[in-house]
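Proteins come first, then strands; the chains are lettered A, B, ... in the order of their sequence lines, and each starts at number 1. Quick caveat, the model's predicted, so the values are computed rather than measured.
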Number of protein chains: 2
Amino acid sequence: MRPTVHDIAAAAGVSLATVDRVLNKRAGVRKVTRDRVEQAIERIGYVRDVAAANLAKSRIYPFVFILPSGDNSFMRGLEAEVHAAMARGPLERMVISIVKVPAFDAEALVAALDEVRATAPAGVAVVAVESPEVIAAVNRLRADRIPVVTLVSDLAGSARDHFAGVDNVAAGRTAASLLGRFLGGRPGPIAVLAGSMLVRDHRERLDGFRAVMDEDFPGHTLLPVIEGQDDPVLTEKLVSEALAASPGTVGIYSLGAGNRGLIAALKQRKDAPPVCVIAHELTRHTRAALNEGLIDAVLNQDAGHEVRSAVRVLKAKADGAAVIGAQERIYIDIFLKDNLPFDEG
Amino acid sequence: MRPTVHDIAAAAGVSLATVDRVLNKRAGVRKVTRDRVEQAIERIGYVRDVAAANLAKSRIYPFVFILPSGDNSFMRGLEAEVHAAMARGPLERMVISIVKVPAFDAEALVAALDEVRATAPAGVAVVAVESPEVIAAVNRLRADRIPVVTLVSDLAGSARDHFAGVDNVAAGRTAASLLGRFLGGRPGPIAVLAGSMLVRDHRERLDGFRAVMDEDFPGHTLLPVIEGQDDPVLTEKLVSEALAASPGTVGIYSLGAGNRGLIAALKQRKDAPPVCVIAHELTRHTRAALNEGLIDAVLNQDAGHEVRSAVRVLKAKADGAAVIGAQERIYIDIFLKDNLPFDEG
DNA sequence: CTGTTAGCGCGTTCAT
DNA sequence: ATGAACGCGCTAACAG
């Protein structure tokens with residue numbers, strides 16, 4: 001049997017209450033006694049049974065997820081995953097709630113963070129927007145010893161405990177590598193479609209993409225980045241214009257969420273010479289395009305993984321427990337039409 | 001507060017013991033009483049607190065992992081992951097042990113399964129070898145109500161509860177798709193290297209690979225499958241011979257674990273015309289070969305994910321709890337030299 | 001400062 | 001067939 005608090009008490013010659021005070025770092029114990037207890041703990045190799053402790057405390061973990069509102073389909077999928085986590089929360093003594101904030105609005109995000117902080121949750125997950133004020137707000141949470149994980153989009157320079165999302169530089173590098181090899185030496189310029197260069201994720205993807213293109217496939221020139229604001233109509237227009245202006249274009253990297261507009265533009269030039277296309281995020285639109293051969297590969301981040309990972313990390317941090325690094329690394333999934341998963345999307 | 005057994009007792013007008021008998025489907029309760037209790041449970045929406053139940057029972061979960069012995073790097077990595085799970089087992093009341101069995105040996109596997117069954121574990125994970133006897137042995141475990149999950153290689157036709165591994169047909173399809181596109185029309189035959197056609201995962205990969213090659217890249221002929229038994233020396237010899245016999249070979253698909261031998265063979269023909277190589281499993285050997293350009297892509301199954309998933313599923317099955325399907329799907333990771341993760345391998 | 005005691009939600013004797 | 005009472009490992013009053 002694993003040693004219990006009783007064993008510590010016996011080994012140290014004190015009562016349970018004293019052991020408990022030492023274990024929970026509460027005041028009211030002489031240093032001598034404390035040392036004796038701590039040595040006993042060390043000696044017999046005690047590890048606390050968190051489940052029993054939670055039972056005794058009737059502890060529940062109130063976690064808050066702060067997500068952007070709006071009709072971005074990736075974010076809506078993310079929200080659905082949070083709802084799924086919410087549903088199975090009670091089984092593990094967790095109560096998850098969602099706070100929505102207008103997308104890309106730092107000011108609103110700061111307000112939400114401070115409001116959430118006032119409710120003293122056991123942990124907060126947030127899709128970050130980069131700004132000094134947001135960093136400060138996150139740091140206020142941390143100052144209150146509230147664990148914070150950034151979700152999908154990180155917040156460099158903040159004191160967040162963890163980032164649950166993919167390495168976007170690596171994603172861009174992968175895109176370049178695939179595109180370059182798929183083209184197999186066929187010369188011609190490459191177009192890049194982004195949502196906005198104001199978001200960190202998009203910038204990082206572009207950086208990674210550029211680096212590998214320059215290094216490994218210097219024969220291709222990159223056309224000026226198209227910023228479609230992730231808006232279908234605008235994107236379609238800009239892409240069509242760009243392709244018309246550079247008829248020799250052989251490849252497109254769509255690193256943002258503007259795939260609907262991109263696909264529409266591609267469909268209109270069915271009989272034109274083929275263009276190799278790499279896009280991000282597996283949605284029903286990109287999945288269909290993949291199957292039709294309009295898109296050649298999709299790089300995806302699994303929102304379900306990200307949410308479950310965020311929850312696990314928040315709980316671990318709340319318990320002061322260790323995190324399994326490898327388990328929490330979110331991989332970039334590469335989908336071709338031949339390895340699409342069956343039921344999602 | 002969530003309803004407890006006390007609430008049920010009060011609502012049904014019976015004692016705690018009776019409620020417990022109904023909850024655990026034990027005998028000694030009149031049908032009338034039983035019905036009344038069950039209705040109360042339904043009405044107040046009771047869900048059992050598994051943690052508290054386990055505490056009361058001092059329950060521990062003895063799980064057994066049956067793994068192939070031998071010096072295959074992938075399997076050794078898998079074993080390391082099981083050891084990691086072993087180390088953090090006690091925190092969740094689990095005691096994991098490992099039983100090793102010679103690779104590709106159905107008879108030995110059957111003996112091991114029966115021996116393990118005699119110890120009445122709470123669950124068994126096994127890297128399966130396909131044979132009717134193994135299926136029968138697994139079914140004996142299931143007949144004893146012991147949950148079984150197959151790991152890495154599945155056992156079709158058995159009553160196993162779950163398969164913790166990748167979709168190997170899809171893996172083969174993906175390999176073909178990548179290889180075909182990387183070749184970009186350069187003609188020539190393609191060699192296939194396997195370990196043994198006795199394991200299902202290897203057969204499935206080959207099936208998927210063949211299907212896509214035939215359909216999408218009919219210009220390439222497939223050379224006869226080389227079975228290297230995942231043995232480095234034998235593999236190197238067979239591969240060298242095959243390449244010498246078919247000097248025009250443009251691609252190799254290594255679908256088993258014989259990569260060390262393959263890489264050795266590739267190194268000996270450095271100055272020969274380039275061959276596009278797709279292999280399975282990221283190990284330190286394949287990682288190095290990827291960086292050197294000897295291998296073009298590696299399809300990987302994350303052994304850590306598989307082990308953790310197997311453990312989660314076994315625990316859920318042992319508790320009679322639900323499994324989160326999406327969480328337990330093991331994705332096929334595609335690694336190019338540009339998206340290698342940092343610290344593993 | 002330290003110890004006693006009564007639960008947390010559930011399972012399990014042992015009586016009745 | 002049913003119920004009372006104790007214990008699992010831990011925390012939190014309340015005494016002393």
Side-chain angles (χ1 to χ4, degrees), chain A residues 1-41 44-61 90-95 122 318-321, chain B residues 1-38 40-41 44-61 89-95 122 318-321:
Chain A
M1 275 317 220
R2 250 166 59 180
T4 74
V5 281
H6 291 90
D7 299 321
I8 304 176
V14 298
S15 79
L16 288 177
T18 301
V19 172
D20 184 67
R21 288 187 187 102
V22 174
L23 277 175
N24 294 296
K25 302 185 195 308
R26 258 167 288 166
V29 185
R30 267 188 312 178
K31 192 174 186 319
V32 209
T33 321
R34 174 173 304 262
D35 286 348
R36 202 142 47 91
V37 173
E38 276 168 349
Q39 279 164 30
I41 291 175
I44 66 181
Y46 168 85
V47 290
R48 164 208 252 112
D49 182 329
V50 188
N54 285 343
L55 174 59
K57 280 194 290 203
S58 310
R59 171 167 196 183
I60 53 165
Y61 301 80
L91 284 173
E92 308 186 49
R93 318 186 81 87
M94 303 182 300
V95 176
D319 286 338
Chain B
M1 275 316 218
R2 250 168 58 182
T4 74
V5 281
H6 291 90
D7 300 320
I8 304 176
V14 297
S15 79
L16 291 174
T18 301
V19 172
D20 183 68
R21 288 184 187 100
V22 175
L23 278 175
N24 294 296
K25 302 185 196 307
R26 256 167 293 168
V29 185
R30 270 187 311 180
K31 191 173 186 319
V32 211
T33 320
R34 174 174 304 262
D35 287 347
R36 203 143 45 91
V37 173
E38 277 168 349
I41 292 175
I44 67 181
Y46 169 85
V47 290
R48 167 207 248 108
D49 182 330
V50 187
N54 285 344
L55 174 60
K57 277 194 291 201
S58 309
R59 172 167 195 184
I60 53 163
Y61 301 81
L91 284 174
E92 307 185 47
R93 319 186 80 88
M94 304 182 299
V95 176
D319 286 338

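- Nearest-nucleotide positions on DNA chain D place B:Arg34 closer to the 5' end than the other of B:Ala56 and B:Arg34.
- A:Leu55 meets the side-chain contact (heavy atoms from CB on, under 4.5 Å) test with B:Ala52, B:Leu55; sequence neighbours excluded.
- The shortest non-hydrogen separation linking A:Pro3 to A:Tyr46 is O-CD1, 3.4 Å.
- Going from atom CG of A:Asn24 over to atom CZ of A:Arg48 covers 4.5 Å, rounded to the nearest 0.5 Å.
- In 5' to 3' order, the nucleotides of DNA chain C bounding all contacts with chain B (an atom under 4.0 Å from a heavy atom) are C:dG9 to C:dT12.
- Contacts between residues 12-22 of chain B and DNA chain D, counted as heavy-atom distances below 4.0 Å, involve B:Val14, B:Ser15, B:Ala17, B:Thr18, B:Arg21.
- Among the atoms of the strands shown, only primed sugar atoms or phosphate atoms (P, OP1, OP2) are found under 4.0 Å from some heavy atom of B:Arg26.
- In 5' to 3' order, the nucleotides of DNA chain D bounding all contacts with chain B (an atom under 4.0 Å from a heavy atom) are D:dA1 to D:dG9.
- A:Asn24 comes within contact range of the sugar-phosphate backbone alone, with a heavy-atom separation under 4.0 Å but no base atom that close.
- Within the model, atoms CD of B:Glu38 and OG1 of B:Thr33 stand 11.0 Å from one another, a figure rounded to the nearest 0.5 Å.
- With respect to B:Val37, the side-chain contact (heavy atoms from CB on, under 4.5 Å) criterion is satisfied by exactly one of B:Val29, B:Leu23, B:Val22: B:Val22.
- Closest approach of A:Ala51 and B:Ala51 over heavy atoms only: CB-CB, 4.1 Å.
- For A:Ala321, the side-chain contact (heavy atoms from CB on, under 4.5 Å) partners at least two apart in sequence or on another chain are A:Ala316, A:Asp319.
- Taking CG of A:Asp20 as the reference point, atom CZ of A:Arg26 lies at 4.5 Å (rounded to 0.5 Å).
- Residue pairs meeting the side chain to side chain donor-acceptor pair (under 3.5 Å) criterion with at least one partner in residues 2-12 of chain A, sequence neighbours excluded, do not occur; the list is empty.
- The distance from atom CZ of A:Arg36 to atom CZ of A:Arg30, rounded to the nearest 0.5 Å, is 8.0 Å.
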